[in-house]
Amino acid sequence: MRKLIAFDDDTFDKLKQLGRDRMATIQELADEAFADLLRKHGIPVDLKDALRKSAALPKTAKAAASRKRNHDD
């Protein structure tokens, strides 16, 4: 899917330079940035992340239930 994003000239120049320095395309920089943003907000980036997160959920729920039981005692 193709979408357009607008950058001011200064930001775009900095992104182009960063891409040159890292030997990466603007698309690769954007992919990395959006993946970081999704992770920051707890949204799985790919299937592997989704599976890891879903496997961790029961442990979190168990820990919360355990804390609640210990607090109620």
Which residues satisfy the side chain to side chain contact (heavy atoms under 4.5 Å, CB included) test with [X], sequence neighbours excluded?
X     : answer
Ala33 : none
Asp49 : Arg39, Pro44, Val45, Asp46, Arg52
Ile5  : Phe7, Phe34

Which residues satisfy the side chain to side chain donor-acceptor pair (under 3.5 Å) test with Gln27, sequence neighbours excluded?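 Counting only residues at least two positions away or on another chain, Gln27 forms a side chain to side chain donor-acceptor pair (under 3.5 Å) with Asp31.
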
- Item | Which residues share a salt bridge (Lys or Arg N to Asp or Glu O under 4.0 Å) with Asp13, sequence neighbours left out |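 Testing Asp13 for salt bridge (Lys or Arg N to Asp or Glu O under 4.0 Å), a comparison that skips the adjacent residues, returns Lys16.
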
Measuring from atom CD of Glu28 to atom CD1 of Ile26, what distance do you get when rounded to the nearest 0.5 angstrom?
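Those atoms lie 10.0 Å apart.
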
Checklist entry - Could you give all pairs that pass the salt bridge (Lys or Arg N to Asp or Glu O under 4.0 Å) test and reach residues 2-11, with sequence neighbours left out? => result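 Found Asp10-Lys14.
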
Under 3.5 Å, is there a donor-acceptor pair between the side chain of Glu32 and the main chain of Leu29?
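No: the side chain of Glu32 does not pair with the backbone of Leu29.
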
